[in-house]
**Q** 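Right, I'll just put the structure down here and ask away after.
Each ligand, and each atom within it, is numbered from 1 in the order the structure gives.
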Amino acid sequence: MFSESTLYIVATPIGHRDDLSARAIDLLRQVDRIYAEDTRHSLPLLRHHGIDTRTWALHEHNEESRIDMVKEHLQTGASAALITDAGTPLISDPGFRLVRACQRDGIRVSPVPGPCAVTAALSVSGLPTDRFQFVGFPPARSGARKTWLQPLAQLPHTLVIYESPHRIVECLADIADIVGDTRPMTLARELTKRFETVLHGTVNEVAAAVSEDSNQQRGEFVLVLGGTSTEDALGGENAPVIDLDKTILVLLQHLPVKTVARCTAELCGVTRKLAYDRALELQRR
Ligand code: SAM
């Protein structure tokens with residue numbers, strides 16, 4: 001399985017250090033170099049697994065300037081692995097520019113799959129996973145975050161959001177404001193670590209549990225948010241999926257906009273404001 005002149009993209013644990021796969025361990029021992037987002041951070045994990053391959057730093061601030069060096073090294077027939085601080089490289093992590101550059105030059109890039117907070121959180125969310133959208137980290141400021149949430153609030157499928165401990169309370173409040181406080185959600189905190197917590201409930205219930213307990217505001221978070229059709233998906237296999245735009249368009253044929261907004265909010269689990277704005281938009285078209 002091991003080839004020369006190849007860049008391996010290797011997933012590492014998101015918490016529990018034994019989640020590094022047997023193949024990842026083998027490969028990290030065999031490659032000539034490991035490019036790591038933070039070499040000091042990765043060293044304990046590598047040492048724990050008996051990996052003493054030389055590490056080089058490759059992070060978002062030096063990725064561009066490292067590209068030529070990595071390519072030249074691989075073109076001599078050497079092999080290398082890219083790892084980040086946790087989980088799968090390129091998923092809200094560095095590596096995209098390097099992978100593109102290698103592909104453009106015909107250098108083989110091969111994945112060594114493993115942990116990722118997105119899939120770990122989805123797998124315990126109890127929310128529909130047949131269709132989902134990963135949207136990364138929301139903007140840091142509330143105004144920009146609310147604008148960012150507006151179009152997402154209308155989507156029928158599950159959303160996966162990363163958030164940091166400094167902003168978790170404010171972010172949950174903004175979700176309640178824009179998406180609605182009755183939408184089902186799962187908050188996955190510190191997955192695979194000592195204080196792993198998975199909270200299920202409505203946005204309101206989860207937001208209350210987090211704001212009332214400062215321990216719940218610590219660590220790393222993934223928010224899994226049900227889409228507008230979640231209730232129907234959870235209601236039974238044959239339940240119809242309620243599409244927000246379709247609902248609004250049908251109701252607009254019979255009712256004034258304000259009533260459309262009220263009915264849509266109830267049917268689709270979105271806020272009246274969101275339903276009202278969308279109804280105006282669709283009416284204009
Ligand atoms: N590349 C990583 C992956 O594959 O998930 C993500 C890196 S991103 C810089 C870090 C974010 O991932 C955290 O802020 C948090 O939102 C999420 N995350 C990482 N580890 C986690 C864990 N153990 N539990 C919950 N969320 C986690």
Side-chain angles (χ1 to χ4, degrees), residues 7-21 23-24 28 34-42 44-46 48 57-63 81-99 109-127 129 132-141 145 148-149 152 158-172 174-175 185-200 206-207 209-210 213 215-225:
L7 174 66
Y8 291 96
I9 307 298
V10 182
T12 58
I14 57 169
H16 200 299
R17 57 191 187 180
D18 289 340
D19 286 340
L20 188 66
S21 75
R23 183 169 164 245
L28 291 170
I34 297 172
Y35 292 100
E37 184 179 8
D38 179 343
T39 51
R40 271 179 313 177
H41 174 96
S42 295
L45 175 80
L46 299 175
H48 172 75
L58 193 146
H59 43 73
E60 64 168 312
H61 306 293
N62 75 353
E63 182 174 353
L82 175 71
I83 61 172
T84 50
D85 289 353
T88 303
L90 280 82
I91 307 300
S92 292
D93 264 346
F96 170 69
R97 286 172 286 181
L98 176 64
V99 167
V109 181
S110 180
V112 183
C116 177
V118 177
T119 46
L122 274 172
S123 70
V124 293
S125 70
L127 291 166
T129 51
F132 67 87
Q133 188 174 344
F134 169 58
V135 290
F137 287 95
R141 289 177 182 276
R145 189 158 56 225
W148 180 84
L149 282 165
L152 300 178
T158 300
L159 288 177
V160 185
I161 303 169
Y162 281 170
E163 190 49 286
S164 80
H166 324 289
R167 291 190 278 270
I168 189 68
V169 172
E170 291 75 16
C171 180
L172 286 167
D174 287 347
I175 292 175
M185 122 172 303
T186 293
L187 177 145
R189 184 175 79 91
E190 294 287 89
L191 291 173
T192 77
K193 301 188 206 175
R194 183 161 169 222
F195 295 110
E196 176 181 286
T197 317
V198 181
L199 299 175
H200 306 280
V206 170
V210 173
D213 180 356
N215 284 328
Q216 294 299 331
Q217 298 163 22
R218 300 206 174 109
E220 300 197 277
F221 298 87
V222 182
L223 302 174
V224 186
L225 184 64

**Q** Relative to the heavy atoms of Gly87, which atoms of ligand 1 are at a distance of less than 4.0 Å?
**A**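 Taking each heavy atom of Gly87 in turn, ligand 1 has 3 (C), 4 (O) under 4.0 Å.
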**Q** Any heavy atom of Ala86 sitting closer than 4.0 Å to ligand 1?
**A**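 Right, Ala86 reaches ligand 1.
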**Q** So, the side chain of Asn62 versus the backbone of His59: is there a donor-acceptor pair under 3.5 Å, distance only?
**A**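 Present.
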**Q** Nearest to atom 3 (C) of ligand 1, what protein heavy atom do you find, and at what distance?
**A**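 Checking every protein heavy atom, the shortest distance to atom 3 (C) of ligand 1 gives Tyr162 OH, 3.4 Å.
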**Q** Considering the heavy atoms of Glu190, write down every atom of ligand 1 situated less than 4.0 Å from one of them.
**A**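 Answer for ligand 1: 23 (N), 24 (N), 25 (C).
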**Q** Counting only N and O atoms by type, is there a donor-acceptor contact under 3.5 Å from the side chain of Glu63 to the main-chain atoms of Leu58?
**A**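 No, Glu63 side chain to Leu58 backbone: no donor-acceptor pair under 3.5 Å.
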**Q** Does Ala188 reach ligand 1, in the sense of a heavy atom lying below 4.0 Å from it?
**A**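 It does; at least one heavy atom falls under 4.0 Å.
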**Q** Within the structure, does Ser164 bring an N/O atom to less than 3.5 angstrom of an N/O atom in ligand 1?
**A**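 No, Ser164 has no N/O under 3.5 Å of an N/O on ligand 1.
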**Q** Of all the non-hydrogen atoms in the protein, which one sits nearest to atom 4 (O) of ligand 1, and at what distance?
**A**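 Of every protein heavy atom, Thr88 N, 2.8 Å lies nearest to atom 4 (O) of ligand 1.
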**Q** To the nearest 0.1 Å, how far is atom 14 (O) of ligand 1 from its closest protein heavy atom, and which atom is that?
**A**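 Closest protein heavy atom to atom 14 (O) of ligand 1: Phe137 CZ, 3.3 Å.
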**Q** Checking a contact table here: which protein heavy atom is nearest atom 26 (N) of ligand 1, and how many Å away?
**A**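 Checked against all protein heavy atoms, atom 26 (N) of ligand 1 sits closest to Val222 CG2, 3.4 Å.
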**Q** Is it the case that ligand 1 has an N or O less than 3.5 angstrom from some N or O of Ile91?
**A**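 For ligand 1, there is an N or O atom that lies under 3.5 Å from one belonging to Ile91.
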**Q** Quick test: of every protein heavy atom, which one is nearest to atom 22 (C) of ligand 1, and how far off is it to 0.1 Å?
**A**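 In this structure, atom 22 (C) of ligand 1 has Leu191 N, 3.5 Å as its nearest protein heavy atom.
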**Q** If the condition is salt bridge (charged side-chain N to carboxylate O under 4.0 Å, His left out), which residues does Glu163 pass it with, not counting sequence neighbours?
**A**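 For Glu163, the residues satisfying salt bridge (charged side-chain N to carboxylate O under 4.0 Å, His left out) (neighbours in sequence not counted) are Arg167.
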**Q** Identify, for atom 15 (C) of ligand 1, the protein heavy atom at the shortest distance, and state residue, atom and that distance.
**A**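 Result: Phe221 O, 3.4 Å.
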**Q** Looking only at atom types and distance, does a side-chain atom of Thr158 sit under 3.5 Å from a main-chain N or O of Gln133, one as donor and one as acceptor?
**A**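 It does not hold such a pair.
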**Q** Pull out every atom of ligand 1 sitting under 4.0 Å from any heavy atom of Lys193, numbered as shown with elements.
**A**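 By the 4.0 Å cutoff, the relevant atoms are 23 (N).
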**Q** Under 4.0 Å between a Lys/Arg side-chain N and an Asp/Glu carboxylate O for Glu170 and Arg145?
**A**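 No salt bridge links Glu170 with Arg145.
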**Q** Looking only at protein heavy atoms, identify the closest one to atom 20 (N) of ligand 1 and say how far it is in Å.
**A**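 Residue, atom and distance for the closest contact: Glu220 OE1, 3.3 Å.
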**Q** With a 6.0 Å cut-off (strictly less than), is the heavy-atom count around CZ of Arg97, excluding the residue itself, greater than 12?
**A**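 More than 12 within 6.0 Å, yes.
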**Q** Any N/O of Ala117 closer than 3.5 Å to an N/O of ligand 1?
**A**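 Between Ala117 and ligand 1, an N or O pair is found under 3.5 Å apart.
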**Q** Among protein heavy atoms, which lies nearest atom 8 (S) of ligand 1, and at what distance?
**A**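 Checked against all protein heavy atoms, atom 8 (S) of ligand 1 sits closest to Ser92 O, 3.6 Å.
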**Q** Polar-atom distance check: Asp93 versus ligand 1, any N or O pair below 3.5 Å?
**A**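 Indeed, backbone or side chain, Asp93 has an N or O that close.
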**Q** Can Thr192 be said to touch ligand 1, with heavy atoms closer than 4.0 Å?
**A**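 For ligand 1, residue contact (heavy atoms, under 4.0 Å) with Thr192 is absent.
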**Q** Within the distance-only criterion (no hydrogens, no angle test), does the side chain of Glu220 pair as donor or acceptor with the backbone N or O of Glu190 below 3.5 angstrom?
**A**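 Not a single qualifying donor-acceptor pair exists.
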**Q** Hey, could you give me the OG1/CZ distance between Thr119 and Phe132, rounded to the nearest 0.5 Å?
**A**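 If we round to the nearest 0.5 Å, Thr119:OG1 and Phe132:CZ are 7.5 Å apart.
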**Q** Taking Thr186 for its side chain and Val224 for its backbone only, find out whether a donor-acceptor pair lies under 3.5 Å.
**A**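 Absent.
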**Q** Please check if the side chain of Thr197 supplies one atom and the backbone of Phe195 the other of a donor-acceptor pair under 3.5 Å.
**A**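 Flag set: sc Thr197 to bb Phe195 pair under 3.5 Å.
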**Q** Tell me whether the count of non-hydrogen atoms from other residues, nucleotides or ligands lying under 6.0 Å of NE2 in His48 goes above 12.
**A**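 Atom NE2 in His48 is crowded, with more than 12 foreign heavy atoms closer than 6.0 Å.
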